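Remember, it's a predicted structure, so these values are computed and weren't measured experimentally.
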Amino acid sequence: MRWNRPLPRAFWGPGLGRAFQLSDERIPFLIHWNWALKGECPLGPPRAFLRHHGSSVGSGPPSGRHKQLFWSTSATEAIQRHRRNLAEWFSRLPREERQFGPTFALDTVHVDPVIRECTPDELLRPPSVLALEHQLPSARLPTLALSQLFDPDACGRRVQTVVLYGTVGTGKSTLVRKMVLDWCYGRLPAFELLIPFSCEDLSSLGPAPASLCRLVAQRYTPLKEILPLMAATGSRLLFVLHGLEHLNLDFRLAGTGLCSDPEEPEVPAAIIVNLLRKYMLPEASILVTTRPSAIGRIPSKYVGRYGEICGFSDTNLQKLYFQLRLNQSDCGHSAGGVGVSATPAQRDNLVEMLSRNLEGHHQIAAACFLPSYCWLVCATLHFLHAPTPAGQTLTSIYTSFLRLNFSGETLDSTDPSKLSLMAYAARTMGKLAYEGVSSRKTYFSEEDVHGCLEAGIRTEEEFQLLRVFRRDALRFFLAPCVEPGHLGTFVFTVPAMQEYLAALYIVLGLRKTTLQQVGKEVAEFVGRVGEDVSLVLGIVAKLLPLRALPLLFNLLKVVPRVFGRVVGKSREAVAQAMVLEMFREEDYNNDDVLDQMAASILGVEGPRRHPDEPPEDEVFELFPMFMGGLLSAHNRAMLAQLGCPIKNLDALENAQAIKKKLGKLGRQVLPPSELLDHLFFHYEFQNQRFSAEVLSSLRQLNLAGVRMTPLKCTVVAAVLGSGRHVLDEVNLASCQLDPAGIRTLMPVFLRARKLGLQLNSLGPEACRDLRDLLLHDQCQITTLRLSNNPLTAAGVALLVEGLAGNTSLTHLSLLHTGLGDEGLVLLAAQLDRNQQLQELNVAYNGAGDTAALALAKAAREHPSLELLHLYFNELSSEGRQVLRDLGGNAEGSARVVVSLTEGTAVSEYWSVILSEVQRNLNSWDQGRVQRHLELLLRDLEDNRGATLNPWRKAQLLRVEGEVRALLEQLGGPGS
């Protein structure tokens, strides 16, 4: 279950009573202990989370048999319909959860956070200045399970009102959902009736009076007929009041009068006050959830127990959460059902790596103290390692994460400005994040944090808003640093959040210089009055000799234009800084940003830097990616829901400034990892027209050595697959490509002239996709390099089908592909079906004399084939001589390259052969290569002794030196 997720507001809407109705099974209501004994449940078998930590079932129902309060069949059926409606409503998955698979259910991954019982004295203690520390549960105050919330207190008194509080992200909404679903499935037998209310929903009603019965009937239609029996339910009636910070309660008698009649119309806040006073329905039990800043709105004398939701303060709870969520059987499927499912071994390996990093990297464990960040880690890993749903980006994951935590949240409901909590965070935390990116630092002192939080605060109201933000949300964004050498400083809870907030700070236009701030006010004022003043003076000038004045005031119209130019220059400066950050030469040797993110989560960090070495410069390569992503239409729509709207005109002008700078700096040849980062920026931006214009000059796609995960294949295909210009070369050598990746990249391959897929461990299965590629009517590939892949003869059987129907391919390399005699014979038999091939490389395939000779004869008869490579095959000296003679007899036929020599002269292809050996020296079987090189060396020595031509002797000696150098690298006899 996702811990950070606030319940969608629709969960609490008035249409709940009209939810989809399941068939009425007429199960009696008040037989909870019979369900436990017989293994039955009113809504079917218990869900999987029953066995996980902290189920609210407790140790069992109380002994004895309660008197049934709802005797009539109609009342029992009404309660049962209410259960089904609540279960159906609270089980609905938001879109953000559907990415985890078509059968993913939150019920199966629920882990209770730690709840620490607090005393009123602790609540009265003044909070720390930054309110950033998180304390482990005190040994004197034991932790509470959900089943213990209403247990008698230490003095044996009955507890009727429980207040649970926690900062943003600790899982308050999830606890409410867990308790509601527990009751729906018969796992909360202490209560006969449960009625949940959203305080945000109640606050939206305003001052309009309504009775408690009407509020219940409007939201839960099946309960209409049993409302008169609510008072008789006593303590077995549970009200759940979620999000008390949305209500401004007044417990003074002068402010809220006493009312005990549930049918008496009152303001919703007055009804809640009288429920909490125990003046209305005094026997009812009440569970309240709230943020820390609103605890004081309920006098402590009305509260029986306080509980602080401490999140996952135990690393074992974090591990359990990750195991349950990442080990879902369909976590490898995309939302649309497309893609290859991850194997259980892959999922287990992912969980194991994450667990090890939690144990060794304490900063990540500190971040996952908040259950919401556990969800973010899982969502990020799923994004990086599973097939990606269409349109999902890294920026959208972070924006969705913030929407799930802050959607509809105001900073302080008592403040008339109703300022969005996310807007306040963007202004304060965004400023701190951007200053960190600008100065290239991730550790912040207490003075740094104070400076950004208190900048520009002048009024009492602003100080009050700051106090609320510190108590409720500051811990969500900042965490104390626990790394050695940086104790006493603060870091953003996850590193990528700093770059996201810095980008948000920029695109919202919150970064303004003094000139911009003053100039904007002056320009707006002059723009308003300039035209009116000029018109009046124009009329006066006709009567009086003041003809120079209208000209003077016409100049006022220029002021707004000048300010617009200043703003435009500022946008260009931001775009310049973003592009420079993207193309920093210092980062050219880094991994791409996606691998960097995976390494930061899973701990795949490589060798550690020596403590005596100077610290490396901080890298902020995600900052430009997030800037592009936040300008996309989808993310702007979500930001508007958070109270952070980005105007269309501002987004357009920012995009134009970025395109102008990218057009200048984006033409340079980039290393493979940086080129992928460039493409990832366009993927985040989600604007095909923008990308097509910026990337129109890209002619070579060189991603050699980049590990092409399913996500990276999706990124490249989404950005380049829809373009129209031809790619001269696509180099994906040594990229760990698989058949699924080839299928994803098919639109890009169709635009390529040269395609390199060497060293990818592609087998016969991949040849089926390559055959389809060659047979495609839009295929324009002229050169296809498949060397060093275990294609085998079975794969070649599929490739020759593609060759037969292809009209563009002229150069094909099958070097070291495990063809053997069978593969070469198959090629010889089918070679004449292709009429365009000019060069064929089948060297180092373990073929013998017979198969090689058959292919050479077929090549000789081919109308267009000019060159056939057969070196490093298992050829005898006689076979090599026959092939030399065959390749050199008839003029105009294909030349056959089998050695470094041709007769007593050096072959003109000797450098091609040795460069292939040098390039693959570390990946080929060294013993086998050494044997072939020794044969070539002996051949060179024999030919040098057989010739009297000094020029040929010099050439042969030079090539001998190259071969001896290679043998020395292999540890063989080089001299």
>> Holding to ring-ring contact (aromatic ring centres under 6.0 Å, His included), I want the full list of residues that pass it with Y424, two or more places apart in sequence or in another chain.
In response: F469

> For the residue pair A208 and P268, what are the closest heavy atoms and their distance?
Replying inline: O-CD, 3.6 Å

> Which class fits the ring pair F191 and F150: parallel under 30°, tilted 30 to 60°, perpendicular over 60°?
Replying inline: perpendicular

>> Can a donor-acceptor pair be found, under 3.5 Å and without considering hydrogens, that links the side chain of H82 to the backbone of L194?
In response: yes

>> Does this structure show an ion pair linking E409 with K172, if we count only N-O contacts that are shorter than 4.0 Å?
In response: no

> Between R291 and V168, is there a donor-acceptor pair closer than 3.5 Å when you use the side chain of the first and the backbone of the second?
Replying inline: no

>> Working note: E192 + I79, criterion side chain to side chain contact (heavy atoms under 4.5 Å, CB included); need CA distance, chi angles, decisive distance, verdict.
In response: CA-CA 9 Å; E192 295 182 4; I79 296 293; over 6 Å; no

> Passes side chain to side chain contact (heavy atoms under 4.5 Å, CB included), L149 versus V159? Steps please.
Replying inline: CA-CA 8 Å; L149 292 180; V159 173; over 6 Å; no

> Where is the tightest heavy-atom contact between F476 and L402, given as atom of each residue plus distance?
Replying inline: CE2-CD2, 3.9 Å

>> For Q641, give me all partners under side-chain contact (heavy atoms from CB on, under 4.5 Å), at least two apart in sequence or on another chain.
In response: R403

>> Side chains of R475 and L370, heavy atoms from C-beta outward: is any pair under 4.5 Å?
In response: yes

> Do any N or O atoms from the side chain of S413 and from the backbone of E245 form a donor-acceptor pair under 3.5 angstrom?
Replying inline: yes

> Which residues pass the side chain to side chain donor-acceptor pair (under 3.5 Å) test with E264, sequence neighbours left out?
Replying inline: none

> Quick check: does any side chain N or O of S198 sit under 3.5 Å from a backbone N or O of H242, one acting as donor and the other as acceptor?
Replying inline: no

>> Taking ring-ring contact (aromatic ring centres under 6.0 Å, His included) as the definition, give me every residue that meets it alongside Y306, ordered by chain and number, with sequence neighbours left out.
In response: none

> What residues form a side chain to side chain donor-acceptor pair (under 3.5 Å) with S417, not counting sequence neighbours?
Replying inline: D415

> Just by modelled atom types, is the G257 backbone N or O under 3.5 Å from a matching donor or acceptor in the E266 side chain?
Replying inline: no

> For residues 152-177, which residue pairs qualify under ring pair (Phe, Tyr, Trp, His ring centres under 6.0 Å), counting only residues two or more places apart or in two chains?
Replying inline: none

>> With side chain to side chain contact (heavy atoms under 4.5 Å, CB included) as the criterion, how do L202 and I271 come out once you've worked through the C-alpha distance, each side chain's angles and the decisive distance to 0.1 Å?
In response: CA-CA 10 Å; L202 296 179; I271 294 175; over 6 Å; no

>> Using a 3.5 Å distance criterion without hydrogens, assess whether the side chain of T290 forms a donor-acceptor pair with backbone atoms of I295.
In response: no

> Is the side chain of R214 donor-acceptor paired with the backbone N or O of E263 at a distance under 3.5 Å, no angle test?
Replying inline: no

> Is there side-chain contact between Q160 and P282, with at least one heavy-atom pair below 4.5 Å?
Replying inline: no

>> Please list all pairs meeting side chain to side chain donor-acceptor pair (under 3.5 Å) that have one or both residues in residues 251-260, counting only residues at least two apart or in different chains.
In response: D250-R252

> Taking only residues two or more places apart in sequence or in another chain, which ones pass side chain to side chain donor-acceptor pair (under 3.5 Å) with T399?
Replying inline: Y500, N635

>> Can you confirm whether L86 sits close enough to P196 that some side-chain heavy atom of one is under 4.5 Å from a side-chain heavy atom of the other?
In response: yes

>> Restricting to side chain to side chain donor-acceptor pair (under 3.5 Å), what partner residues turn up for S396, sequence neighbours left out?
In response: T393

> Sequence neighbours excluded, which residues qualify as side-chain contact (heavy atoms from CB on, under 4.5 Å) partners of S204?
Replying inline: D201

>> Check this for me, if you would: do R471 and D412 make a salt bridge, where the nitrogen-to-carboxylate-oxygen distance has to be below 4.0 angstrom?
In response: no

> ring-ring contact (aromatic ring centres under 6.0 Å, His included) with F251: which residues, sequence neighbours excluded?
Replying inline: Y302

> Is it true that atom NZ of K224 has more than 12 heavy atoms of other residues, nucleotides or ligands lying nearer than 6.0 Å?
Replying inline: no

> Do L244 and V163 come within less than 4.5 Å of each other through their side chains, counting heavy atoms only?
Replying inline: no

> Between atom CG of L181 and atom CZ of R83, what is the distance when rounded to the nearest 0.5 Å?
Replying inline: 12.0 Å

>> Which heavy atom of P222 sits nearest to which heavy atom of A78, and what is that distance?
In response: O-CB, 3.2 Å

> Okay, side chain of T289, backbone of G243: is any donor-acceptor separation there less than 3.5 Å?
Replying inline: yes

> For Q318 and F369, which heavy atoms make the closest approach, and how far apart are they?
Replying inline: NE2-N, 3.6 Å

> Within a strict 4.5 Å, meaning less than it, do heavy atoms of the P113 and T170 side chains meet?
Replying inline: no

>> Nearest 0.5 Å, please: how far is CG in L223 from CG in L193?
In response: 5.5 Å

>> Show me the pairs that pass side chain to side chain donor-acceptor pair (under 3.5 Å) and involve residues 271-284, at least two apart or across chains.
In response: R158-E283, N274-R277

> Nearest heavy-atom pair of C368 and V377: which atoms, and what distance?
Replying inline: SG-CG2, 4.1 Å

>> Counting C-beta onward and ignoring hydrogens, is there a side-chain heavy-atom pair between M638 and H634 closer than 4.5 Å?
In response: yes

> Atom CD of E308 and atom CG of L164: how far apart are they, to the nearest 0.5 Å?
Replying inline: 10.5 Å

> At what distance, to the nearest 0.5 angstrom, does SG of C310 lie from CD1 of I115?
Replying inline: 8.5 Å

>> Assess the residue pair T167 and D472 against the criterion (side chain to side chain contact (heavy atoms under 4.5 Å, CB included)); give the C-alpha distance rounded to whole Å, side-chain angles, the decisive distance to 0.1 Å, and a yes or no.
In response: CA-CA 5 Å; T167 59; D472 292 350; 5.8 Å; no

> Hey, what do you get for CG (L276) to NZ (K301), rounding to the nearest 0.5 Å?
Replying inline: 12.5 Å

>> For a 4.5 angstrom cut-off between non-hydrogen side-chain atoms, does C374 reach F312?
In response: yes

>> Keeping R219 on the side-chain end and I195 on the backbone end, is there a donor-acceptor pair under 3.5 Å?
In response: no

>> Could you check whether any side-chain heavy atom of E88 comes within less than 4.5 Å of a side-chain heavy atom of N85, counting everything from C-beta outward?
In response: no

>> So, taking the atom named CG in L287 and the one named CG in L146, what distance separates them when rounded to the nearest 0.5 Å?
In response: 8.5 Å

>> Please find the pair of heavy atoms, one from F401 and one from N405, that lie closest to each other, and give the distance.
In response: O-ND2, 2.8 Å

